[in-house]
Amino acid sequence: QVQLVESGGGLVQAGGSLRLSCAASGLTFGNYAMGWYRQAPGKQRELVATITRGSTTNYADSVKGRFTISRDNAKNSVNLQMNSLKPEDTAVYYCAADQVWWRIVRGTADYWGQGTQVTVSS
């Protein structure tokens, strides 16, 4: 079955960096668009970034210029490099996969990971 496993979360001071990874298995990775979402306590889930099968990227305005999404089809993984972190970036970050990019944008992706906690202290 399809599995998405996130890693790389943790506690970091404001201004610091973290690199999240999502390892995918059970699917033909190159056929899937990928995305990262986050959800802070008491808030709705928020789309952070997406990357298409052709590696076209899109970002939420709140993270543009600070976060970079990338994919490694040889390793079946998608990464999220997060720089200049702010306390408002604190959330559980989720990886999502779907063969149709707009389903990721709509939040209705076929597959989701369990999430990894990112905490940014001020």
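For Lys64 and Asp61, the salt-bridge test passes: some basic side-chain N is under 4.0 Å from an acidic carboxylate O.
With sequence neighbours left out, the side-chain contact (heavy atoms from CB on, under 4.5 Å) criterion links Ser84 to Arg66. Partners of Arg45 according to the side-chain contact (heavy atoms from CB on, under 4.5 Å) rule, which considers only residues two or more places apart in sequence or in another chain, are Tyr37, Gln39, Trp112. For Arg103, the salt bridge (Lys or Arg N to Asp or Glu O under 4.0 Å) partners at least two apart in sequence or on another chain are Asp98. The salt bridge (Lys or Arg N to Asp or Glu O under 4.0 Å) search around Glu46 returns Arg38, not counting sequence neighbours. Under the side-chain hydrogen bond (donor to acceptor under 3.5 Å, both in side chains) criterion, Arg19 pairs with Gln81, sequence neighbours left out. For Lys43, there are no salt bridge (Lys or Arg N to Asp or Glu O under 4.0 Å) partners at least two apart in sequence or on another chain. Partners of Ser121 by side-chain hydrogen bond (donor to acceptor under 3.5 Å, both in side chains), not counting sequence neighbours: none found.
Atom-to-atom distance recorded for Ser62:OG and Asp89:CG is 7.0 Å, nearest 0.5 angstrom. Expressed to the nearest 0.5 Å, how far CG of Asp72 lies from OG of Ser21 amounts to 9.5 Å. Atom CG of Leu20 and atom OG1 of Thr116 lie 6.0 Å apart (nearest 0.5 Å). From Asn79, atom CG reaches atom CD of Glu6 across 12.0 Å, with rounding to the nearest 0.5 Å. Between atom OG1 of residue Thr68 and atom CG of residue Asn83 there is a gap of 6.5 Å, rounded to the nearest 0.5 Å.
Other residues sharing the hydrophobic cluster of Leu11, ordered by chain and number and joined by side-chain separations under 4.5 Å: none, the residue standing alone.
Applying the disulfide (SG to SG under 2.5 Å) definition to pairs two or more places apart or across chains, none involves residues 24-67. The ring-ring contact (aromatic ring centres under 6.0 Å, His included) pairs that include a residue from residues 53-105 number zero, where partners must be two or more places apart or lie in different chains. Note on residues 48-122: pairs passing disulfide (SG to SG under 2.5 Å), not counting sequence neighbours, are Cys22-Cys95.
Linking Ile, Leu, Val, Met, Phe, Trp and Tyr residues whenever their side-chain heavy atoms come within less than 4.5 Å leaves Val5 and Val2 in two separate clusters. The same ILVMFWY cluster, assembled from side-chain heavy atoms under 4.5 Å apart, contains both Trp36 and Met82. When hydrophobic clusters are built by joining Ile, Leu, Val, Met, Phe, Trp and Tyr residues whose side-chain heavy atoms come closer than 4.5 Å, directly or via intermediates, Val92 is not grouped with Met34.
Among all heavy-atom pairs drawn from Ile69 and Thr57, the shortest one is CG2-CG2, 3.6 Å. Smallest separation of non-hydrogen atoms from Ala49 and Leu80: CB-CD1, 4.3 Å. Ala97 and Ala109 get closest at one heavy-atom pair: O-CB, 3.6 Å. Here the closest non-hydrogen pair linking Leu18 and Val12 is CD1-CG1, 4.0 Å.
Side-chain contact between Gln13 and Leu85: absent, with no pair of heavy atoms (C-beta onward) separated by less than 4.5 Å.
With Arg71 contributing its side chain and Thr52 its backbone, the two residues share a donor-acceptor pair below 3.5 Å.
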Sequence neighbours left out, cut at 3.5 Å: what donor-acceptor pairs do the side chains of residues 23-33 make with other protein atoms?
none

